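For ligands, and for the atoms within them, numbers begin at 1 and follow the listed sequence. Any value given below was found using the heavy atoms of this structure, including those in side chains, with hydrogens, waters and symmetry copies removed. Residues: numbered from 1 along the sequence shown. Everything numeric in this text was worked out from a predicted model, so none of it was measured.
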Amino acid sequence: MKILKTQVGIIGAGPAGLTLALLLRKQGIEAIIIEHRSREYVQARVRAGLLEQNTVDIYKSLGVANRLLKEGQEHHGVYLSFDGQRIRIPFGELTGGRNITIYGQQEVVKDLTDEWIAGGGQIYFEAPATKIENFDTDNPKIYFEHQGEAGIMDCDFMAACDGYHGIGRKTLPSDTFKEYSVTYPFSWLGILAHVAPSTDELIYAYHERGFALHSLRSDKISRLYIQVDNDDSVDNWSDERIWEELAIRLGTEGWTLKTGPIFEKGITPMRSFFTDNMQAGRLFLAGDAAHIVPPTGGKGLNLAVADVKHLADGLAEYYQQNSINALDNYSAIALKRIWRAQDFSNFMTTLFHKQDEHGSFTYQLQKAKFDYIKVSKAYATTIAENYVGLPFEAFE
Ligand code: APR
Ligand code: PHB
């Protein structure tokens, strides 16, 4: 039996778990991470890649932003398109200079893992947590397996950063929280392609054939998405069909979409989910373990990072000032941002996806919103400040 002992036991080496570990190290607090999957698997998982200003600032403060600042691309605005008409929302003048950076989530995960290991951090891959015990005492335990051997991690606190399917949420007593869940009647087909982006900033588009998004990864790699039915399959989508559809949906006068070889295709369902409590005793949930947003607002990773920032602040107050107040307040403070992000992600999703027939009442409301963005600086500002992410002070 392998016995580990630490101050904070972290389950999951996604953005939430890794960022938490590094934030704790900076405060002189010990942590050990156990991760179900292999290092290769975790680092190859292709996901979104939009980092809010807050997230970039945290990574700078942790000294893990070198590659992000070099290879990531800072964007000062975003294009919104409706029925072929494209407008731009400038972030600088509407948000007092806040921006977003485009940098793939799996690159973030690589950088964080490298930093954790380089600083002597303990991390066990292929080590699934199987049971969480004693969260309501000061001697919590995480049971896990590693290389065929059973293990126990004894800790002061447990952070379940174990994603939507993890065991953290399942361990929270069911009478301590309520779950909210919406499944949208559409999914995203996402691609990565070897082609220079046809745009300098992201384009979100409503089209009568459905939503499309043009994002990017580098000068040579583009990331694009289209709305498909929930029961659709990548087998129905040849490269040619994907490019044709993207060109139509993203199209606007005088603009052409460059095409190239597609090297990754995947379908992601669209869901809004969250629990209205993220803690019980010495067990804390963070990131996808507690909430999922549809990717239309680009908020998933940023919410995970904001959660663990609050959690690390609470743990630092506990160890340095012997006060449990900030930890007790963890859910309440994290949930303010989570509600805001749920609303914004739902707003972006319903504004740009085809939900009903072209010309229907729903369509007319979508169009009315787009037409209003064009004439109202106040409305454009609302979108800009949510998109780049509200500062931490806004919710404290
Ligand atoms: N034991 C150990 N590890 C586990 C267990 C378990 N029982 N269950 C799940 N895990 C691991 C998963 O293998 C995964 O690597 O927890 C990790 C959770 O990572 P993510 O799913 O990336 O979640 P999170 O860190 O909260 O990051 C949120 O990821 O899903 C995206 O869009 C989302 O960008 C957002 C970000
Ligand atoms: C991405 O680049 O993968 C991306 C960007 C913005 C989104 C979703 C995904 O809203």
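- For Leu50, the heavy-atom gap to ligand 2 drops under 4.0 angstrom.
- Note: Tyr387 and Phe344 have perpendicular aromatic rings, judged against thresholds of 30 and 60 degrees for the angle between ring planes.
- Ring centroid separation for the pair Tyr206 and Tyr363 comes in under the 6.0 Å cut-off.
- Salt-bridge annotation for Lys299 and Glu52: present, with a side-chain N of the basic residue lying under 4.0 Å from a carboxylate O of the acidic one.
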Requested in this report: Please lay out, stage by stage, how Arg241 and Glu245 fare under the test salt bridge (charged side-chain N to carboxylate O under 4.0 Å, His left out).
Outcome: CA-CA 6 Å; Arg241 180 173 175 216; Glu245 201 62 32; 5.3 Å; no
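- Close contacts between ligand 2 and Gly298 involve ligand atoms 10 (O) [criterion: under 4.0 Å to a heavy atom].
- Here Tyr330 and His310 keep their ring centres 6.0 angstrom or further from each other.
- Of the candidates Arg217, Lys299, Arg47, Arg217 brings a heavy atom nearest to atom 1 (C) of ligand 2.
- Ring geometry, Phe370 versus Phe82: the interplanar angle falls under 30°, so the pair is classed parallel (tilted spans 30 to 60°).
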Note every protein N or O atom lying under 3.5 Å from an N or O atom of ligand 1, pairing the names and giving the distance.
residue	atom	partner	partner atom	Å
ligand 1	1 (N)	Ala129	N	2.8
ligand 1	3 (N)	His36	N	3.0
ligand 1	7 (N)	Ala129	O	3.1
ligand 1	13 (O)	Glu35	OE2	2.6
ligand 1	15 (O)	Glu35	OE1	2.7
ligand 1	15 (O)	Glu35	OE2	3.1
ligand 1	15 (O)	Arg45	NH1	3.4
ligand 1	15 (O)	Arg45	NH2	2.8
ligand 1	21 (O)	Arg47	NH1	3.3
ligand 1	22 (O)	Arg47	NH1	2.6
ligand 1	25 (O)	Pro15	N	3.2
ligand 1	25 (O)	Ala16	N	2.9
ligand 1	26 (O)	Asp288	N	2.8
ligand 1	29 (O)	Arg47	NH1	3.2
ligand 1	29 (O)	Gln105	NE2	3.1
ligand 1	30 (O)	Arg47	NH1	3.1
ligand 1	30 (O)	Asp288	OD2	2.5
ligand 1	34 (O)	Gln105	OE1	2.6
ligand 1	34 (O)	Leu301	N	3.0

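- Arg169 has no carboxylate O lying under 4.0 Å from a charged side-chain N of Asp288, or vice versa, which leaves the two without a salt bridge.
- Here the straight-line distance linking atom CD1 of Ile123 with atom OG1 of Thr113 works out to 5.5 Å at 0.5 Å rounding.
- The ligand atoms of ligand 2 that sit less than 4.0 angstrom from a heavy atom of Gly49 are 1 (C), 2 (O), 3 (O).
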- Applying salt bridge (charged side-chain N to carboxylate O under 4.0 Å, His left out), run through Lys309 and Asp313 and close with a yes or a no. CA-CA 6 Å; Lys309 184 238 182 248; Asp313 287 350; 2.7 Å; yes
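- Near Leu202, the atoms of ligand 2 lying under 4.0 angstrom from a non-hydrogen atom of the residue are 5 (C), 6 (C).
- An N or O contact shorter than 3.5 Å is missing between Ile102 and ligand 2 by distance.
- When ring centroids are compared, Phe186 and Phe211 stay outside the 6.0 Å threshold.
- Counting atoms of ligand 2 from 1 in the listed order, those under 4.0 Å from a heavy atom of Ser215 are 1 (C), 2 (O), 5 (C).
- Ligand-side atoms of ligand 2 in range of Tyr204: 6 (C), 7 (C), 10 (O), range being under 4.0 angstrom from any heavy atom.
- At the top of the distance list for atom 3 (O) of ligand 2, counting protein heavy atoms only, stands Tyr225 OH, 2.5 Å.
- Met153 and Trp116 fall within a single hydrophobic cluster, where Ile, Leu, Val, Met, Phe, Trp and Tyr are joined by side-chain heavy atoms under 4.5 Å apart, directly or via other members.
- Heavy-atom minimum distance, Ile33 versus Gly12: CG2-O, 3.6 Å.
- The distance from ligand 2 to the heavy atoms of Arg223 drops below 4.0 Å at these ligand atoms: 3 (O).
- Every heavy atom of Met348 sits 4.0 Å or more from the atoms of ligand 2.
- Close approach to Pro295 involves these atoms of ligand 2, each under 4.0 Å from a residue heavy atom: 7 (C), 8 (C), 10 (O).
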